[in-house]
Amino acid sequence: MKTEAMHDLPINLLRTFMVVADTLNLTEAAKQLHKAPSTVSMQLNRLEDLVANPLMERGQHGVRLTAAGNQLRTHAQQLLNLHDQIVGSFQNMDIDGVVRLGTHDQYASRTLAPILQDFIISYPEAQLEAFCDYRPNHLVELMDKGKLDIALVEMVAGSEGGIRLRRDELVWIGSQDHFVHTQAVLPLVVFDEGCKHRQYACEALDKAGIAYRIAFTSQSRAGVLAAVRAGIGIAIVPFHTLEDDLVIHRELPTLPDMEVTLFTSPKVNEATRRLEKIIVDSPVFNPMSVEANQTLSAVAPT
């Protein structure tokens, strides 16, 4: 009985597929991959030929995974993680030591998580220790005292210090199902004292003469968002961390722009320097890193 030969699935094609599967948008995926959209399409077509099944349906408003695409996505990430762990264990065996990172959990719980995963896989001998706090000045002070090696924080635009990555606006957010922003005394959902978001919200409302009260206080982003979704009050978050089920209230006072900022202690080990570079090069925190590679992506080999 004749059996059909199995085809190997190239890692680079699976990597492209996973980015498209995550974004469901070829243009956005091309930006993240530093490739031309036509290159991404060709790689997807090649992968579909290898598995002999359509993986995605292309449409005017993006792409949608087929049943085969969802099946591949389930296993592809596990394969990529294992591949990167194997390669990293050989390439970076000499990169070790403790890396003490301080950051806000609005990053740690969302945009920073996949970056840290990549770091751990690529540098298996490094020992990552992460500490979350909602007070950026406190994190920088801990670094200055030698208790942290690197701090990814949010600083007001135009201030000094650190490597400035992306600029972002602060926005007022509320629940789609509640209208607490219309109350005579505006209920606020905030972090504890020392949080810059809380400070700027109160200052903006005071300046505009809008009455408010602190309705809910939390030390975590999850707690703040849960209270907003429950209709307890409104909060402020950086625009790029906004979640789809929440709405922006543009009628409230303008808030200052912020900048994602990376501080690194002068004397750190090579593992910390590697994490610093990964963060600086990430299109999530540094969109300019994508723009800088657009010309190269159009001619990059596949």
Option passing side-chain hydrogen bond (donor to acceptor under 3.5 Å, both in side chains) with Glu154 (candidates His197, Lys196, His104):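 The residue from His197, Lys196, His104 that satisfies side-chain hydrogen bond (donor to acceptor under 3.5 Å, both in side chains) with Glu154 turns out to be His197.
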Side-chain contact test, heavy atoms from C-beta onward, threshold under 4.5 Å: evaluate it for [X] versus [Y] and give yes or no.
X: Phe131; Y: Thr103; result: no
X: Leu170; Y: Asp257; result: no
X: Ile163; Y: Glu276; result: yes
X: Ile173; Y: Leu225; result: yes
X: Gln77; Y: Met18; result: yes
X: Leu112; Y: Leu101; result: yes

In terms of hydrophobic clustering (I, L, V, M, F, W, Y; side-chain heavy atoms under 4.5 Å; direct or indirect links), are [X] and [Y] co-clustered?
X: Leu80; Y: Leu9; answer: yes
X: Val171; Y: Val189; answer: yes
X: Val156; Y: Val140; answer: no
X: Val247; Y: Val228; answer: no
X: Ile278; Y: Val268; answer: no

Residue Gln71 excluded, over 12 heavy atoms near CD under 6.0 Å: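 No.
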Atom CD of Gln176 with >12 non-hydrogen neighbours under 6.0 angstrom: yes
With a 3.5 Å distance limit and no angle check, can you tell me whether [X] reaches the backbone of [Y] through a side-chain donor-acceptor pair?
X: Asn53; Y: Val51; answer: yes
X: Trp172; Y: Pro253; answer: yes
X: Thr272; Y: Val99; answer: no
X: Asp105; Y: Arg221; answer: yes
X: Arg167; Y: Arg164; answer: no
X: Glu57; Y: Arg64; answer: no
X: Ser220; Y: Gly223; answer: yes
X: Thr16; Y: Asn12; answer: yes

Minimal non-hydrogen separation, [X] against [Y], with atom names:
X: Val224; Y: Ala235; answer: CG1-CB, 3.7 Å
X: Thr23; Y: Ala29; answer: OG1-CB, 3.6 Å
X: Gly162; Y: Thr261; answer: CA-CG2, 3.8 Å
X: Asp168; Y: Pro238; answer: OD2-CB, 3.5 Å
X: Arg273; Y: Ser265; answer: NH2-O, 3.7 Å
X: Leu26; Y: Arg58; answer: CD1-CG, 4.4 Å

Stepwise side-chain contact (heavy atoms from CB on, under 4.5 Å) test for Ile232 and Val180: CA-CA 7 Å; Ile232 294 175; Val180 294; over 6 Å; no
Pairs flagged by ring-ring contact (aromatic ring centres under 6.0 Å, His included) wherever residues 216-256 is involved - sequence neighbours left out: His181-His249
Chi angles and distances behind the salt bridge (charged side-chain N to carboxylate O under 4.0 Å, His left out) call for Asp149, Lys267: CA-CA 8 Å; Asp149 301 308; Lys267 296 181 180 180; over 6 Å; no
From Gln78 atom CD to His83 atom NE2, the distance as rounded to the nearest 0.5 Å: 15.5 Å
Lys35 and Glu28: CA distance, side-chain angles, deciding distance, salt bridge (charged side-chain N to carboxylate O under 4.0 Å, His left out) verdict: CA-CA 10 Å; Lys35 297 180 184 295; Glu28 179 60 29; over 6 Å; no
By side-chain contact (heavy atoms from CB on, under 4.5 Å) - contacts of Thr217 (at least two apart):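 Partners of Thr217 by the side-chain contact (heavy atoms from CB on, under 4.5 Å) criterion, ordered by chain and then number, come out as Val190, Asp192, Arg198, Ile214.
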Trace of the side-chain contact (heavy atoms from CB on, under 4.5 Å) decision for Val19 with Phe17: CA-CA 6 Å; Val19 174; Phe17 167 76; over 6 Å; no
Please table the atom pairs, donor to acceptor, closer than 3.5 Å between any side-chain atom in residues 120-129 and protein atoms at least two apart or in another chain.
residue, atom, partner, partner atom, Å
Ser122, OG, Asp118, O, 2.9
Tyr123, OH, Arg274, NH1, 3.1

Aromatic plane relationship, Phe191 with Tyr134 - under 30° parallel, 30 to 60° tilted, over 60° perpendicular: parallel
